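From a predicted model like this one, the values you see are computed outputs, not experimental measurements.
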Amino acid sequence: MDYLKSVSPSQLVSERGSNLVIINPGSANIRIGLATYETPFNIPNCIARHNTRTGNLNVVDQILNNEVTTSQKVDRERAYNTAASLLKIPFLDESSSSGFASRKMGRVDGFNKPSSTKKDSVFTWTNVYEDKHNSPTSSGTSAEKSKASSSGAASDVTDSKDTGESNHKYRKVIFGEEALTISPKEPYAIHHPIRRGHFNVSPQYSAQQVIEDLIAILDWVLLEKLHIVHSERAKFSAVLIVPETFDSREIKEMLTIVLRDLRFSTAVVHQEGLATTFGNGLSTACVVNVGAQSSTVVCIEDGASLPNTEKILPFGGEDISRCLLWIQRHYQNWPQIHTDVLAKPIDMLMLNQLKESYCEIKAGQLETVATVHSYEDGMPVVPHKANLTSLNVPPMGLFYPNLLVPEVFPLPPREWFQDYENMLEETWNMDFALWDSYGLPPMVPKKEEKIGLAEAIISSILSAGRIDLKRKLFSSIQLIGGVGSTKDLVSAVEERVRQAIPPTEAIENVTILPSRADPAFVPWKGGALLGVLDFAREAWVQRKEWMENGINIGSGKKYKDSFYIQGQAMSFIHS
């Protein structure tokens, strides 16, 4: 304690953070970096593998159901009109009669930046061929590169192709943003190992392949971005910040990846909600995390997550981007180009950029002229001027989720839910024939709730119990995630939560506290602080112990149920 009183925060981080790697995996991006970093690397969580069985780009996730049913179409239009009424703009079916489409376009102050057009004009597709003179894997020794190649993690060993001019070799694997900007004509298959807050396991994407892809992506980041070669990994520890959407098996698999495959000496698991409170210097808060593909709400009291308060919502920032595209097509403002955000990752990148640049929540018609690009198969990238309209409606989908119509992903195979290690515990010794009679798996993903963000926040906080705690949580809301930077979203959430609180609740104040860092990086930053300040390290998992025996939990029994690891991982000891 005397040491803690005498040491400066920067000195403490420097001393204890230089060998701590903070890993925060998400559906769209992985945030990773040393605890000494101010901000992490933000890497798209995807991998493209050279595919000899097809002649063009293939996205593995295309088993999802993205067809909008008749009832969903009606619900979406009704939700649009509800949002339009609040924003004081024409309803969806009033555009032609009101002369709305022919009105002169207005400016969106601060967003019409000429520099964006200049930046877009120099776009180039990813070079998918091996550079014989400068190998893409430049870090580490030859021995380390050989190890990486044998594991498939950072390998760029390639197949030959005769182009008629010279022999080229395709890069076998491409990671991150480079994978998203591969030309549609190239023979690659893009994999997204995490979707909607869960491992993207399906009949077409096996659990083994999902795990191998996660290993490859993380190993590549460690080698190429952090320059930590395999032989040095034993000197490092990992802090794993997992989303609330992860179930027990996914937490176990991530720990195995970090300790067995990435070769860290020790690791600890914390959930994003807890890490967020530490990142913003709080001990009690309602954490609202709006990610790319899913959103969560959870209440934290004195550094502990309140399990009854957890809410999972099946929509996020990418759904807002897709809604933006739907609105422009409805008003025929989108150029006559083939835009497919599911099959062409580059189109989703473009829509996300448009959303981040132009969408905000404010009353009145919000319009602008923007540059839209066509990324056609085998054609050069072409810019188009488009008159985008109703730019304030897509973010309102956070409050009216019928407006977003998220894609429907099929459940993983039944075997994914049957964690046979867990079954060895007496608590799981049950007759699974009973489940068969209902046609249900014995374990299912965490329940998603199809309600708006304001309702989820209120339901979460009101589940906390004591009136004094409820009041504290309503006045200590944390809004994080990439969507948290949307202009005027904070005031919109405060207003809608305040209006929807039942009158029987004696709540007077609703406040969203500002983040100390970029909302997308707050959980990562909190994980760095947790790792640096945890001197006791009682919740840390040793590599040897995990690989040989699992976790011993007091009684000497071998670890079987992931509940215990969550309990141990969350037991941060406050001094």
Asker: State whether the side chain of Trp220 and the backbone N or O of Phe175 hold a donor-acceptor pair below 3.5 Å, judged by distance alone.
Answerer: no
Asker: Flag the pair Asp213 and Arg49 as a salt bridge only when some basic side-chain nitrogen lies within less than 4.0 angstrom of an acidic carboxylate oxygen.
Answerer: yes
Asker: Looking only at the side chains, is there a donor atom on one of Glu376 and His338 sitting less than 3.5 Å from an acceptor on the other?
Answerer: no
Asker: Would you call Arg233-Asp219 a salt bridge at under 4.0 Å N-O?
Answerer: yes
Asker: So do the side chains of Trp125 and Ile346 get within less than 4.5 Å of each other, counting heavy atoms only?
Answerer: yes
Asker: With the threshold set at 4.0 Å, does a side-chain nitrogen-carboxylate oxygen contact exist between Glu77 and Lys73?
Answerer: yes
Asker: Given ring pair (Phe, Tyr, Trp, His ring centres under 6.0 Å), test Tyr205 with His191 step by step and report yes or no.
Answerer: CA-CA 9 Å; Tyr205 196 7; His191 302 249; 5.2 Å; yes
Asker: Mark yes when over 12 heavy atoms from residues, nucleotides or ligands other than Gln209 sit less than 6.0 Å from its CD; otherwise mark no.
Answerer: yes
Asker: List the residues meeting salt bridge (charged side-chain N to carboxylate O under 4.0 Å, His left out) with Glu272, not counting sequence neighbours, and say none if there are none.
Answerer: none
Asker: Got a sec, which residues hit salt bridge (charged side-chain N to carboxylate O under 4.0 Å, His left out) with Lys185, two or more places apart in sequence or on another chain?
Answerer: none
Asker: Are Asn200 and Arg195 linked by a side-chain donor-acceptor pair shorter than 3.5 Å?
Answerer: no
Asker: The test is side chain to side chain donor-acceptor pair (under 3.5 Å); show your working for Ser321 and Asn352 and say whether it passes.
Answerer: CA-CA 6 Å; Ser321 299; Asn352 283 337; 2.6 Å; yes
Asker: Got a sec, which residues hit salt bridge (charged side-chain N to carboxylate O under 4.0 Å, His left out) with Lys311, two or more places apart in sequence or on another chain?
Answerer: Glu449
Asker: Using the six-membered ring of Trp326, assess whether NZ or CZ of Arg76 lies under 6.0 Å from its centre and within 45 degrees of the ring axis.
Answerer: yes
Asker: Is there a donor-acceptor contact under 3.5 Å linking the side chains of Tyr375 and Ser183?
Answerer: no
Asker: State whether the side chain of Asn45 and the backbone N or O of Gly26 hold a donor-acceptor pair below 3.5 Å, judged by distance alone.
Answerer: yes
